[in-house]
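Everything on this sheet refers to the single structure shown next.
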Amino acid sequence: MLEDAVYRVRHGRNRRLAIYAEVAVMQKFSEFDLRGSTPRVIADGFHAAEWSAFGTTRLPGTPLVPTSWASDRHIILPLLDSLRSVEAHLDTGIPESRQWCGGRDFADLLEQLMEDIAPPVRASARDTVAMMFSMENDEMKLCHGDFGPHNILISDTGIGLIDPDNLCLGDEALDVAPLLGSYSTGDLKQDFSQELLQRAAAIKRALPLQVAVAADLAGDEGLRNHALNNFATRRGFRSAHAAS
């Protein structure tokens, strides 16, 4: 293995297919003319009995530590703008949104997953997902898929954008949703419309449910249960299996 590299490792079910998909996405991502530097694939997949992996170049820098939107917007907005400016279509190999948690089957997979959770929690989850779908914009843009400060690297030589595992074509609110965890809605209104922020908030509320489905697909029971309980407690329930 190369020392100056980053290795992405997958465990659980479908790990080989997951690695092949991540390699394809990473290779496509590195071709785009983005504002910041991006990693490139240098080892395109190797496998052992319990895991699969691939390697990328290591970018210099440390993750952006959120301070205030006024201070960070000059870093974040150019990256977002460069993503939006990419001419990308489904026939170019970029997947639709939510491929990491079942794609178009997400809602059906979630229904199967929720068969044994408390009925009030199940009803809340259905409402949350229905709201997200009803608010989504049909105009598809290139989205990083996990566009948070933790994936923006700052160094003396510039800015880097890493971990495009969930790169997709979808509602641009997908990339605004992670920002809601680091900056206030009031500050973000300086650069994003109220309607866009509402769509982003709906996506953020449904995130634990998407994580639960992704974990179930990978055979990670612990993460699945943690994500379901995370959703339940955020919605005011005691746990996923005990509503009160």
To the nearest 0.5 Å, how far apart are SG in Cys143 and CG in Leu169?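 So the SG of Cys143 and the CG of Leu169 are separated by 7.5 Å.
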Give a yes or no answer on whether the side chain of [X] reaches the backbone of [Y] with a donor-acceptor pair at less than 3.5 Å.
X	Y	answer
Arg10	Arg16	no
Arg126	Ala123	no
Asn151	Leu161	no
Ser134	Ala130	yes
Asn230	His226	no

Who passes ring pair (Phe, Tyr, Trp, His ring centres under 6.0 Å) against Tyr20, sequence neighbours left out?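 Ring pair (Phe, Tyr, Trp, His ring centres under 6.0 Å) check on Tyr20 returns His47.
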Ring pair (Phe, Tyr, Trp, His ring centres under 6.0 Å) involving Phe32 - partner list, sequence neighbours excluded: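 None.
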Hydrophobic cluster mates of Ile162, side-chain heavy atoms under 4.5 angstrom, ILVMFWY only, any path?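 The other cluster members (ILVMFWY side chains, heavy atoms under 4.5 Å, direct or chained) are Leu59, Leu153.
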Under a 4.5 Å cut-off applied to non-hydrogen side-chain atoms, are [X] and [Y] in contact?
X	Y	result
Ile203	Leu207	no
Asp108	Leu110	no
Phe29	Leu34	yes
Ile19	Phe46	no

I'd like a table of donor-acceptor pairs (distance under 3.5 Å, sequence neighbours excluded) in which one partner is a side-chain atom from residues 115-122, with atom names and distances.
unit_1, atom_1, unit_2, atom_2, d
Arg122, NH1, Met114, O, 3.1
Arg122, NH1, Ile117, O, 2.8

Using a distance-only test with no angle check, is there a side-chain donor-acceptor pair under 3.5 angstrom linking Ser82 and Ser85?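 Their side chains do not contain a donor-acceptor pair, so the 3.5 Å distance test is not met.
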For Arg98 and Met132: C-alpha separation, side-chain torsions, deciding distance, then whether side-chain contact (heavy atoms from CB on, under 4.5 Å) applies. CA-CA 12 Å; Arg98 282 183 288 275; Met132 177 183 69; 3.7 Å; yes
Looking at every non-hydrogen atom in both residues, tell me the closest pair between [X] and [Y] and how far apart they are.
X	Y	answer
Arg15	Ala48	NH2-O, 3.9 Å
Ser124	Phe237	CB-CE1, 3.8 Å
Ala227	Pro208	CB-O, 3.3 Å
Gly45	Phe54	N-CB, 3.8 Å

Per the salt bridge (Lys or Arg N to Asp or Glu O under 4.0 Å) rule, what does the pair list look like for residues 196-219, sequence neighbours excluded?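 Only Asp171-Arg199, Glu195-Arg199, Asp216-Arg224 qualify under salt bridge (Lys or Arg N to Asp or Glu O under 4.0 Å).
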Give me each pair satisfying salt bridge (Lys or Arg N to Asp or Glu O under 4.0 Å) with a member in residues 151-164, each pair once, sequence neighbours excluded.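 Sorted result for residues 151-164: Arg8-Asp163.
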Counting only heavy atoms not in Glu221, do more than 12 fall under 6.0 Å of its CD?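 No, because the 6.0 Å sphere around CD of Glu221 holds 12 heavy atoms or fewer from other groups.
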Which residues satisfy the salt bridge (charged side-chain N to carboxylate O under 4.0 Å, His left out) test with Asp146, sequence neighbours excluded?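 None.
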Residues forming a salt bridge (charged side-chain N to carboxylate O under 4.0 Å, His left out) with Asp191, sequence neighbours excluded: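 Asp191 satisfies salt bridge (charged side-chain N to carboxylate O under 4.0 Å, His left out) with Arg73 only.
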List for me each residue that meets side-chain contact (heavy atoms from CB on, under 4.5 Å) alongside [X], sequence neighbours excluded, and say none if there are none.
X	answer
Thr62	none
Leu109	Asp105, Gln112, Val213, Leu217
Pro78	Arg35

Exercise answer: donor-acceptor pairs, residues 172-189 side-chain atoms, under 3.5 Å, sequence neighbours excluded:
unit_1, atom_1, unit_2, atom_2, d
Asp175, OD1, His144, N, 3.3
Asp175, OD1, Gly145, N, 3.0
Asp175, OD2, His144, N, 2.8
Tyr183, OH, Asp72, OD2, 2.7
Ser184, OG, Asp187, N, 3.1
Ser184, OG, Asp187, OD2, 3.2
Lys189, NZ, Gln194, OE1, 3.4

Checking Asp127 against Met131 for the side-chain contact (heavy atoms from CB on, under 4.5 Å) test, could you report, in this order, the C-alpha distance in whole Å, the side-chain angles of both residues, the deciding distance, and whether it holds? CA-CA 6 Å; Asp127 289 345; Met131 179 64 72; over 6 Å; no
